[in-house]
Amino acid sequence: MKSNRRTVLLASVVVAAGLMQGCATKIKASSTDNPPPAKPFSTYSRIDVRPVTFKTGYKGDAAGLAKIDENLRKDLAPKLEQWNSRAANGSTLVAEPVVEEMSFKHGAKRVLLGPLAGSSGVLMRVTFRDNNGNVVAAPEFFQRTAAFSGGFTMGAMDNVMLSRVANLASSYIIANYDKAVGGPTGADDKAVNPN
């Protein structure tokens, strides 16, 4: 009897460990910090933030993408209105936010499977180009939600992840307006690709 219990317990631990390994997101950032742009964004009389898109050929969750775009626009609206009301000098900075990878667990899948649905993660790059198409900066922004926190909050933390990645991007734009200082990617050392 004791032998059977030990066998069942050992088998349960092995299966749980296997499931937890499968729950980790494979999405990684390339660094913990973004370098500063070539020049402060205040150099430009207008900043045009394009809608958030997926990289060409990437199929991701449209609802998650729309939420990131909504949060980014909400975060930047007051500043963009202020900045873009200055006298024009003919220079425009175009910001192109592109989600390169996203694993967004939500809805029935998250509610029914909880932590077993896996973790969520998102990697977004915002490329800033001047009037001539020159890249001024190309920071990346990363966020993730662990399988257990996403599961036990019934997906609330997965949705918060989308707000956090947008907040990181908007904070980078605001922080680099007056002075080129760079900013965090949102990744910790464990979320950085070792390559």
Side-chain angles (χ1 to χ4, degrees), residues 18-35 47-77 80 93-129 133 135-173 183-195:
L19 286 173
M20 286 176 26
Q21 287 297 320
C23 291
T25 182
K26 305 280 190 258
I27 300 171
K28 301 280 185 186
S30 63
S31 175
T32 57
D33 293 301
N34 283 308
I47 299 176
D48 178 17
V49 179
R50 299 283 167 85
V52 181
T53 62
F54 284 117
K55 76 177 179 182
T56 305
Y58 188 82
K59 302 285 186 215
D61 187 278
L65 186 76
K67 196 69 173 168
I68 293 170
D69 187 64
E70 176 188 328
N71 287 317
L72 184 62
R73 296 202 173 282
K74 184 176 76 175
D75 288 349
L76 288 174
L80 287 175
L93 182 69
V94 176
E96 301 166 329
V98 176
V99 171
E100 296 182 347
E101 294 180 79
M102 183 190 323
S103 175
F104 179 47
K105 309 296 192 296
H106 64 100
K109 183 175 185 180
R110 180 56 92 192
V111 172
L112 292 174
L113 297 176
L116 295 178
S119 60
S120 291
V122 62
L123 180 66
M124 178 172 73
R125 182 171 308 280
V126 182
T127 304
F128 296 89
R129 298 179 198 276
V135 175
V136 175
E140 67 180 15
F141 304 99
F142 170 84
Q143 282 295 287
R144 68 171 173 226
T145 297
F148 283 97
S149 63
F152 291 120
T153 61
M154 303 299 267
M157 292 306 293
D158 299 289
N159 285 308
V160 169
M161 172 194 77
L162 302 176
S163 296
R164 289 191 320 246
V165 78
N167 295 154
L168 282 164
S170 59
S171 294
Y172 181 91
I173 295 169
T185 64
D188 57 16
D189 289 334
K190 288 185 273 185
V192 172
N193 195 339
N195 295 339

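The structure presented is a predicted model; accordingly, all values stated were derived computationally and were not measured.
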Next on the checklist: Looking at T32 and D189, would you say the former's side chain and the latter's main chain have a donor-acceptor pair under 3.5 Å?
Outcome noted: no
Item to check | Side chain to side chain, T53 and V99, heavy atoms closer than 4.5 Å | outcome: no
Checklist entry - Between E140 and T185, is there a donor-acceptor pair closer than 3.5 Å when you use the side chain of the first and the backbone of the second? => result no
Next on the checklist: Any non-hydrogen side-chain atom of F54 less than 4.5 Å from a side-chain atom of L65?
Outcome noted: yes
Next on the checklist: A side-chain contact here means heavy atoms from C-beta on lying under 4.5 Å apart; do F128 and V135 qualify?
Outcome noted: no
Item to check | Minimum heavy-atom distance between A29 and A187, given as atom pair plus value | outcome: CB-CB, 3.6 Å
Next on the checklist: Is there a side-chain contact between I68 and V165 in this structure, where contact means two heavy atoms from C-beta onward sitting under 4.5 Å apart?
Outcome noted: yes
Checklist entry - Is it true that a side-chain atom of R125 and a backbone atom of A138 form a donor plus acceptor pair closer than 3.5 Å? => result yes
Next on the checklist: So, taking the atom named OG in S170 and the one named NZ in K74, what distance separates them when rounded to the nearest 0.5 Å?
Outcome noted: 10.0 Å
Item to check | Any side-chain heavy-atom pair of V94 and R50 under 4.5 Å | outcome: yes
Item to check | Rounded distance [0.5 Å steps], CG in D75 versus CD1 in I173 | outcome: 9.5 Å
Checklist entry - Do D48 and L93 have side chains that get closer than 4.5 Å, going by heavy atoms? => result no
Next on the checklist: Does any part of the side chain of P184, heavy atoms only, come nearer than 4.5 Å to the side chain of N34, both counted from C-beta?
Outcome noted: no
Item to check | Pair N167, N71: side-chain N/O donor-acceptor within cut-off below 3.5 Å | outcome: no
Next on the checklist: With a 4.5 Å cut-off on side-chain heavy atoms, are V192 and K28 touching?
Outcome noted: no
Next on the checklist: Would you compute the distance between atom CG of L123 and atom OG of S30 and round it to the nearest 0.5 angstrom?
Outcome noted: 7.5 Å
Checklist outcome for this item: Residue set satisfying salt bridge (charged side-chain N to carboxylate O under 4.0 Å, His left out) with D69, at least two apart, ordered chain then number -> R73
Next on the checklist: Working to the nearest 0.5 angstrom, can you tell me the gap between Q143 CD and M124 CE?
Outcome noted: 10.0 Å
Next on the checklist: Restricting to salt bridge (charged side-chain N to carboxylate O under 4.0 Å, His left out), what partner residues turn up for R129, sequence neighbours left out?
Outcome noted: E96
Next on the checklist: Quick test of your reading of the model: are E100 and K55 salt-bridged, counting only N-O distances below 4.0 Å?
Outcome noted: no
Checklist entry - What pair of heavy atoms forms the shortest contact from P35 to Y172, and how long is it? => result O-OH, 2.9 Å
